[in-house]
Amino acid sequence: MEIYICPEYKCYTTEAEDRRAFEVPFFNGKCAALIEGYRYIPEGETWTREDGVEFAGEMISPWKDIDVLAAYQEQYEAMLGETSDSSDELLAELDAAYREGVNSV
Amino acid sequence: MAYESIIVRRGGSNLNYKVVGGTSAPSSPSNNTIWVNTSTAITSHVFSATKPTSPSAGMVWFEVNTSSPAPINARKDKNVLYIYPVNCMQYVSSAWVAKTAKVYQDGAWNDFGLIVLDDGVINQSLGGLPEAVNEGFESFTITSDGALSVYTQALETAVNGYAFFPNAVDLTPYSRVEITAKGEGHGTNKAIYFIVNATKAAASAASIAISTNTSAKTTYTLDISNITGSKYLGFYGKGAANYDNVGAEVFDIRLY
């Protein structure tokens, strides 16, 4: 799946001027709320954490609580299972709803 | 009945800590009491960044680094001497064995780091060698040069391989994993990945690539500062098609 990373290596599902695109199979089938709780460090690049520890890519790790992200994904998959229409349009609507819900917290 | 041996080693009148061994935590510890969970009598202890080269039976080695989940001011007087213990091992029956250690500070026990794998020796709490979830990995072995051999299966059609140590680890006290490994395989897919997951399923919640094209020992670091609770540690790998597998030799895995 194509995702976008900002200069702090946080993942996004939408483009923006300061974001770079990467194809990352790890995020296949993942909802936007989970994707946007992760960091992706590409091979050959290094991210420095606040405490000074350096992490060289290729690394994929959450910057939000992993158990909260897992709960989002579980709910997303449950909703997918309950719907009879699994069109791309419906999946996009579900993702947008989750993003709105996450942003409201 | 569990064997209990409580040996107290004081560090001298000006030092501000003591080391206690036993299979259960001391019931009324003073501040900066270091408890080593062991049934083997502690005969001496060493704080150093590198493993002692001439250990004696029962010696405890506290590995130190530049930071620690449990820093200790070792001095009792107005001066300060901070030591940063990250791991603990004890020399038992002519071999180093990873031990759990904690320090009592401000009313609570603080964990040191955790050694998962040390020169090919797996911490017993992990339950043994990793076990493959699917056909993607060969059986895991310890090599003669002290490494955990991690190889994908040579298959006509490559699959996503997953494997985990049998027992989960509580990652709450730790913020990073360091893995020291070297590549031994080849192929169009260039990495074995060290992974973390909530279950022993064909999935991962976090991962760090171990390059299979690098033949020199290299240390890789995975951020786990937002991963808490009991999680499984393991590996992901995918060989190339036409029986072309990839692999790595993993020497050390440490949590800090």
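First the proteins, then the strands, lettered A, B, ... as listed; each starts at 1. Nothing here was measured: the structure is a model prediction, and the numbers come from that model.
Between chain B and the options A:Ala70, A:Gly37, A:Pro62, A:Gly57, the largest number of non-hydrogen pairs under 4.5 Å is found for A:Pro62. The candidate with the highest count of non-hydrogen atom pairs below 4.5 Å against chain A, out of B:Ala209, B:Ala205, B:Ala206, is B:Ala205.
Residues of residues 163-177 of chain B that come within less than 4.5 angstrom of chain A, heavy atom to heavy atom, are B:Ser175, B:Arg176 in numerical order.
Residues passing the ring pair (Phe, Tyr, Trp, His ring centres under 6.0 Å) test with B:Tyr232, sequence neighbours excluded: none. A:Phe26 is linked by a ring pair (Phe, Tyr, Trp, His ring centres under 6.0 Å) to A:Tyr38, counting only residues two or more places apart in sequence or in another chain. With sequence neighbours excluded, the residues satisfying ring pair (Phe, Tyr, Trp, His ring centres under 6.0 Å) with A:Phe22 are A:Tyr40.
Applying the 6.0 Å contact sphere to CD of B:Gln124 captures no more than 12 heavy atoms from other residues, nucleotides or ligands.
Each of B:Asn226, B:Thr228, B:Ile224, B:Ile227 was scored for a side chain to side chain contact (heavy atoms under 4.5 Å, CB included) with A:Ile66, with one residue passing: B:Ile227.
Here the shortest heavy-atom pairing between A:Glu54 and B:Thr221 reads O-CB, 4.1 Å.
Using a 4.5 Å cut-off on side-chain heavy atoms (C-beta onward), A:Met59 and B:Ser207 make no contact. Inter-residue side-chain proximity for B:Ile210 and A:Glu58 is flagged as unmet; no heavy-atom pair is nearer than 4.5 Å.
Between atom CG of residue B:Asp223 and atom CH2 of residue A:Trp63 there is a gap of 12.5 Å, rounded to the nearest 0.5 Å.
Using a 4.5 Å cut-off between heavy atoms, B:Tyr193 contacts chain A through its side chain alone, with no backbone atom that close.
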